[in-house]
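Some notes on the structure that comes next.
If you're wondering where the values come from, they're calculated on a predicted model, not measured in any experiment.
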Amino acid sequence: MPEKKTRREQMTEATYQEIKEIAFEVMREKGTHGLSVREIGRRIGMSASAFYHYFPSLDDLITALIVDSFKDLADAITIAKRDSVAAKKSYVEQLHAIAHAFRRWGLDHTVKFQLIYGTPISGYAAPPEITVPYVQQIGVPVIETLIEAIESDEICTADEIKNIPSPILEHYNIRLNTDKKSVIQANHILNVIWQSVFGLVMLEINNHLQPGVGDTATFFDYHVRLQLSLVGIDVS
């Protein structure tokens with residue numbers, strides 16, 4: 001049973017959360033360039049010295065915001081996967097649901113999406129030892145679904161996907177520390193499809209997609225099915 005937090009611990013946690021919420025509010029109104037300790041302190045009624053009691057620097061706050069955003073997105077994707085499995089959806093339908101969950105989260109949380117995928121904050125460099133594990137969690141449900149589908153023969157990938165260029169294959173072998181074909185193919189399929197799906201959501205968030213296609217939801221659905229079919233996944 002979790003140990004009950006003291007009142008002081010609860011108040012400290014509430015202040016941490018308030019600082020992060022205000023930081024997102026500032027970025028929503030002023031963009032990432034408007035984020036500063038002074039502006040956050042002004043809105044909360046907190047001195048700079050009090051702020052540094054909770055976060056040693058503005059960079060530490062930004063890192064916490066990035067981690068929270070990746071965790072939030074990973075949760076949304078994981079829920080989409082879990083609900084699809086519970087509904088006994090096919091692997092292809094699971095992938096489709098995950099893609100739509102990614103888009104929906106991006107449209108519902110544009111500030112968070114821009115923070116983790118948009119223009120970098122000037123002077124800030126995300127510490128990879130902290131952020132990379134959370135970045136990787138985004139792809140876990142997709143990779144798991146693809147591996148299961150490949151190993152069950154529900155997905156028969158196109159020859160272009162199976163024939164991975166040797167420099168890329170060598171990179172996969174080193175990064176993934178395996179030569180198992182289903183794992184390598186799953187990661188390769190994710191990389192091939194991801195760039196396109198991600199780019200489409202980014203365009204929509206920045207209002208660049210709407211003028212060209214009109215109905216963005218219908219176009220996204222069509223685009224995901226097209227990308228799946230191009231790598232040899234039967235979407236019929």
Side-chain angles (χ1 to χ4, degrees), residues 23-35 62 65-81 83-84 89-122 124 126 131 134-143 145-146 149 155 157-158 160-161 168 186-236:
F24 279 124
E25 178 184 288
V26 171
M27 288 190 290
R28 187 176 301 110
E29 296 175 7
K30 298 187 173 186
T32 55
H33 64 278
L35 189 63
I62 294 170
L65 298 176
I66 289 172
V67 167
D68 282 359
S69 299
F70 275 121
K71 288 170 65 176
D72 194 15
L73 174 54
D75 286 346
I77 290 174
T78 300
I79 290 170
K81 160 76 173 175
D83 290 349
S84 295
K89 299 291 186 180
S90 68
Y91 292 119
V92 172
E93 291 171 321
Q94 290 175 36
L95 292 170
H96 205 254
I98 288 170
H100 277 276
F102 176 77
R103 172 181 176 268
R104 188 71 266 158
W105 185 89
L107 295 177
D108 290 343
H109 304 88
T110 56
V111 174
K112 291 182 177 181
F113 192 95
Q114 294 283 19
L115 176 65
I116 59 179
Y117 292 125
T119 305
I121 296 176
S122 178
Y124 171 79
T131 57
Y134 294 99
V135 175
Q136 293 173 334
Q137 286 302 307
I138 304 300
V140 169
V142 183
I143 295 296
T145 304
L146 287 167
I155 288 179
T157 52
E160 291 84 354
I161 296 299
I168 299 173
N187 278 269
H188 189 53
I189 291 171
L190 173 60
N191 286 333
V192 170
I193 294 177
W194 166 254
Q195 316 304 328
S196 178
V197 171
F198 161 75
L200 205 60
V201 175
M202 178 63 81
L203 287 171
E204 184 174 3
I205 285 175
N206 288 297
N207 297 311
H208 295 313
L209 183 64
Q210 290 84 333
V213 304
D215 187 337
T216 54
T218 298
F219 187 81
F220 182 84
D221 185 79
Y222 158 80
H223 184 81
V224 170
R225 293 185 183 279
L226 176 61
Q227 290 302 308
L228 291 173
S229 65
L230 287 175
V231 298
I233 299 174
D234 185 6
V235 295
S236 58

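Side-chain atoms of N191 come within 3.5 Å of backbone N or O of N187 as a donor-acceptor pair. Checked by atom type and distance alone, the side chain of E160 never pairs as donor or acceptor with a backbone atom of V231 at under 3.5 Å. For the pair S229 (side chain) and L226 (backbone), a donor-acceptor distance under 3.5 Å is present.
Atoms CD and OG1, on Q136 and T131 in that order, are 9.5 Å from each other to the nearest 0.5 Å. The structure places NZ of K81 at 7.0 Å from OH of Y91, a figure rounded to the nearest 0.5 Å. One finds the CD1 atom of I233 at 5.0 Å from the CG atom of L228 (value rounded to the nearest 0.5 Å). Separation of atoms CD (Q137) and CG (L73) is listed at 11.0 Å; rounding is to 0.5 Å. A distance of 11.5 Å separates OG of S69 from CD of Q114, quoted to the nearest 0.5 Å. From L203, atom CG reaches atom CZ of F198 across 9.5 Å, with rounding to the nearest 0.5 Å.
Counting all heavy atoms, side chain and backbone alike, A80 lies closest to A97 at CB-O, 3.9 Å. Residues L190 and L146 share a closest heavy-atom pair of N-CD1, 4.1 Å. The minimum heavy-atom distance between P141 and T78, with the atom names listed, is CG-OG1, 3.8 Å. Closest approach of S84 and Q94 over heavy atoms only: CB-CG, 3.6 Å. The heavy-atom pair separating E204 from Q210 by the smallest distance is O-NE2, 3.1 Å. The minimum heavy-atom distance linking A23 with L65 is given by the pair CB-CD1, 3.7 Å.
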| request: For side chain to side chain contact (heavy atoms under 4.5 Å, CB included), just list the numbers for F219 and L200, CA-CA rounded to whole Å, side-chain angles, deciding distance to a tenth of an Å, and then say yes or no. | output: CA-CA 10 Å; F219 187 81; L200 205 60; 3.8 Å; yes
| task | Show your reasoning for whether side chain to side chain contact (heavy atoms under 4.5 Å, CB included) applies to H223 and S196. | result | CA-CA 9 Å; H223 184 81; S196 178; 2.4 Å; yes
| field | Check against side chain to side chain contact (heavy atoms under 4.5 Å, CB included), I121 and L115 | value | CA-CA 8 Å; I121 296 176; L115 176 65; 3.8 Å; yes
| Should W194 and V142 be marked as a side chain to side chain contact (heavy atoms under 4.5 Å, CB included) after you check the CA-CA gap, both sets of side-chain angles, and the distance that decides it? | CA-CA 10 Å; W194 166 254; V142 183; over 6 Å; no
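Crowding of Y222 atom OH: a count of heavy atoms from other residues, nucleotides or ligands under 6.0 Å not exceeding 12.
Taking the side chain as every heavy atom from C-beta outward, D234 and V92 never approach each other to under 4.5 Å. Using a 4.5 Å cut-off on side-chain heavy atoms (C-beta onward), V201 and F220 make contact.
Residues passing the side chain to side chain contact (heavy atoms under 4.5 Å, CB included) test with K71, sequence neighbours excluded: V67, Y134. Under the side chain to side chain contact (heavy atoms under 4.5 Å, CB included) criterion, V111 pairs with F24, M27, R28, not counting sequence neighbours. The side chain to side chain contact (heavy atoms under 4.5 Å, CB included) search around T110 returns I205, not counting sequence neighbours. Legend: residues meeting ring-ring contact (aromatic ring centres under 6.0 Å, His included) with H109, ordered by chain and number and at least two apart, are W105. Residues that satisfy the side chain to side chain contact (heavy atoms under 4.5 Å, CB included) test with T157, not counting sequence neighbours, are I155, I161, K162, Q185, I189.
For the side-chain contact (heavy atoms from CB on, under 4.5 Å) with I98, the qualifying choice from V197, V224, T145, I79 is T145, the only one to do so.
The list of salt bridge (Lys or Arg N to Asp or Glu O under 4.0 Å) pairs with a residue in residues 219-228, not counting sequence neighbours, reads D221-R225.
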